[in-house]
There are 2 protein chains.
Amino acid sequence: MAVTRRGMGRDGRPTLEQVAARAGVGRGTVSRVINGSPRVSERTRAAVQQAIADLGYVPHRAARALAANRSDAIALVVPEAETRLFAEPYFSGIIRGVSAELADTDIQLLLTLIRTPKERQRFSQYAASHRVDGVLLVSVHGDDPMPDQLAEMGIPVVMNGRRSSDELVPHVDCDNVGGAQLAVEHLLGRGRSTVATITGPSDMYVARCRVDGYKEALRAAGRDPDEDLIAKGDFSEESGHAAMHKLMRRRPELDAVFCASDLMAIGARRALRELGRSVPGDVALVGFDDSSLARHMDPALTSVRQPMEGMGRAMTRALLAEIGDSGPDRPRLVLPTELVRRGSS
Amino acid sequence: MAVTRRGMGRDGRPTLEQVAARAGVGRGTVSRVINGSPRVSERTRAAVQQAIADLGYVPHRAARALAANRSDAIALVVPEAETRLFAEPYFSGIIRGVSAELADTDIQLLLTLIRTPKERQRFSQYAASHRVDGVLLVSVHGDDPMPDQLAEMGIPVVMNGRRSSDELVPHVDCDNVGGAQLAVEHLLGRGRSTVATITGPSDMYVARCRVDGYKEALRAAGRDPDEDLIAKGDFSEESGHAAMHKLMRRRPELDAVFCASDLMAIGARRALRELGRSVPGDVALVGFDDSSLARHMDPALTSVRQPMEGMGRAMTRALLAEIGDSGPDRPRLVLPTELVRRGSS
DNA sequence: ATCACAACTGGGAGCGCTCCCACGCGCCCG
DNA sequence: CGGGCGCGTGGGAGCGCTCCCAGTTGTGAT
């Protein structure tokens, strides 16, 4: 049996011990240098850093995690349905933001797709045993208890979006009300007189916000929202299609529709085509999400853009802050949305 | 200072020790049960499992990783550009497949986006120190040395796609040649006589395969590939647009185009519209990827579908196998592609 | 010159687990 | 009826790190 080099780790990689030996210092000192403790003289620090460089030392995560009782990893939890429905730009945008923010922290990103209640359960347990330092939650429904569970267990959590207006769990959201207002104001500004809306599922706060923004904008323009002009969808293309048909039956004179998702706008567009209505000639259309689909529609769809990457970044920053201080401040950020004008309106 | 309950972990969660005490056995035995060793009597196993359930014991990952010198985590490495260009269905499809395959293994998925050469470098080092059990590589370019580096270091790797026809690193690919053939045969079968193609960048093997399939199908139909009918793109919409214009200048009589990506097909479509050519009337169009964009084009785009989720699953299975036996068999899978016929052809 | 105190530093203890050696027991063979 | 064998089992050692306490040095005040 070969004798491993003194101080070498099992896998032949240098350990703290070895770095210490090479730098002519003790283990503790090397640890201090690595963790950026100020209580190390400049001389020593330099020597240690040199030794680290010479040896190509990389700290062993697991050992660190065990000793320090932290994992240097955060989980991004995504309901699987999300990766289908909002695949782009939602999902990848968030990931990009999170990943960018993590880039120089050497914290790892764990991706967890949740398919079933069982997996959900399993994840809670997992998180509960401090196997991650914090959790990023995406697309949480109004009745989801997980955020509270985690928060109660003392696990840092940041959600994307809120479940209600008085959301207690720290979160980063975008200004859905404002985005909807922007859309409707724009429609009104282009001289449209009868603006309808196709909404998302009413059990989702985000959907309710967009309706609120719609109504708000109408009121601000001195018009009363008309329930006949509000049709319910579920963010899917099919629901947009059905809702559009319903709207045209109820109010054939409408000349503009604000759809709470691009996908629904696509469905609506199809319905309009079936009815022989032109876009934007007869009916102007505005969507929400600014997905790549919007850009490629014919005519291209005016849409409200959410700063997905920015939200990912903000969530991550908030989570890291929470992990760091464990202070009592629960960040609640609302990022602005933006209207991207294209041919459909 | 409060006395922690005997055997309890720092964070108040039960440890192996505690489970052992409750089951009236030794630590080793509990470990054996958890790791499914056969050398435990049925009686003992039951008792231990009972104790685990009672206590709600969850093994501590870091401790495990440290002691066993494995991490129970695999990394999925994605060049960031990928999340933009092929956001959907490529990226999310792979993730879904990987995640599904990992669901009942309690192996974690680490997502690593690589933006810069520096980050690339950093990841190599990271992987080198056995901080992950294996690596899944996505969208590797022809000149990328990382796969070989990792493989040489003895780190299990599986790539999606190949860098060349004699790729040595284990990989899972889809049948790009076959897919292209399918597309061209289909076009020919619909009576098109002059079939052009818009290719991807020639430094990518996947792009070359698609050209090969194109040529192959033509030859099989008794026609000689004509270089004037082959225009180079880079998978982007803009390049498709430019290439289409070039093709029409060179060969105004062409009546079908096979595009090596949906994005390029969209660009081509736009060019055709600018030139007053109808689709599929004047020119039939086929894309590659079957992205959601294809479904929503007008007319909807016929496209070659790659089994993204299946590839994700296959890659994961291959990687787990490699990690498990570390046998010398280097899996090389090629999954079939499928033509999805829509209005554009 | 002496003492107090701060600034650094070394290294023991221990995180929760796996690995493996050694031990006890029952059984079969000679 | 004794020795051997193998199955189950207990528990020591140790993974590579952080934490922290005790030491060692250097500095300024007395």
Side-chain angles (χ1 to χ4, degrees), chain A residues 1 4-48 51-52 55 57-72 106 129-131 133, chain B residues 1 4-48 51-52 55 57-72 106 129-131 133:
Chain A
M1 175 185 151
T4 53
R5 229 186 313 159
R6 209 185 100 54
M8 275 268 190
R10 268 176 301 202
D11 48 12
R13 312 230 8 126
T15 67
L16 242 207
E17 191 82 49
Q18 218 178 31
V19 174
R22 174 159 191 130
V25 301
R27 240 172 42 250
T29 303
V30 178
S31 176
R32 253 164 262 145
V33 169
I34 288 169
N35 294 293
S37 156
R39 324 190 69 54
V40 182
S41 71
E42 218 32 73
R43 259 180 63 71
T44 311
R45 181 184 308 280
V48 170
I52 289 177
L55 262 32
Y57 169 76
V58 183
H60 191 299
R61 276 195 104 79
R64 230 176 169 180
L66 179 59
N69 196 28
R70 59 187 160 75
S71 63
D72 283 339
D106 95 356
S129 42
H130 287 284
R131 274 32 163 186
D133 294 341
Chain B
M1 176 185 148
T4 53
R5 230 187 310 161
R6 209 185 99 55
M8 275 265 189
R10 266 177 302 203
D11 48 12
R13 310 222 21 119
T15 67
L16 243 207
E17 191 82 50
Q18 219 178 31
V19 174
R22 175 160 190 129
V25 300
R27 240 171 44 249
T29 304
V30 178
S31 177
R32 254 163 260 148
V33 170
I34 289 169
N35 294 294
S37 156
R39 324 188 70 56
V40 181
S41 72
E42 217 32 72
R43 259 179 61 72
T44 311
R45 181 183 307 280
V48 170
I52 290 177
L55 263 31
Y57 170 76
V58 183
H60 192 299
R61 278 195 101 83
R64 232 177 168 178
L66 179 58
N69 197 26
R70 59 187 160 78
S71 63
D72 283 339
D106 95 355
S129 43
H130 286 285
R131 275 36 163 185
D133 294 341

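A, B, ... follow the sequence lines: proteins, then strands. Residue 1 opens every chain.
For R39(A) against dT9(C), no side-chain N or O and base N or O form a donor-acceptor pair under 3.5 Å. Between the base of dG16(D) and the side chain of R13(A) there is no donor-acceptor pair shorter than 3.5 Å. Scanning atom types as modelled, no donor and acceptor separated by under 3.5 angstrom connect the side chain of R61(A) and the base of dG16(D).
In this structure, R32(B) contributes its side chain and R45(B) its backbone to no donor-acceptor pair below 3.5 Å. The closest donor-acceptor contact from the side chain of R13(A) to the backbone of H60(A) lies at 3.5 Å or more, if one exists at all.
Atom CD1 of I34(B) and atom C1' of dG16(C) are 11 Å apart (whole Å). Here the C1' atom of nucleotide dG14(D) and the CZ atom of R64(B) are 18 Å apart, to the nearest Å. Between the P atom of dC17(C) and the CG atom of D72(B) lies a distance of 13 Å, rounded to the nearest Å. Atom CD in E17(A) sits about 11 Å away from atom C1' in dG10(C), given to the nearest Å. Per the geometry, CZ belonging to R43(A) stands 15 Å off C1' belonging to dA7(C), to the nearest Å.
Picking from dT18(D), dG10(D), dC15(D) the nucleotide with the shortest atom distance to the side chain of A68(A) gives dT18(D). Considering only side-chain atoms of N35(B), the nucleotide from dC17(C), dT18(C), dC17(D) that sits closest is dT18(C). Ranking dC17(C), dC17(D), dG10(C) by closeness to the A63(B) side chain, first place goes to dC17(C). Nearest nucleotide to the side chain of R27(B), out of dG10(D), dG8(D), dA13(D): dA13(D). Taking the side chain of L66(B) as heavy atoms from C-beta on, and the options dG14(D), dT9(C), dG16(D), the nearest nucleotide is dG16(D). Listed nucleotides: dG10(C), dT18(C), dG8(D). Nearest to the side chain of T44(B): dG8(D).
For the OP1/OP2 pair of dT18(C) and a distance below 4.0 Å, the side-chain nitrogens and oxygens of S31(B) include at least one atom meeting the criterion. Taking side-chain N and O atoms only, T15(A) has no distance below 4.0 Å to OP1 or OP2 of dC15(D).
The residue N69(B) sits apart from the nucleic acid: no heavy atom pair falls under 4.0 Å.
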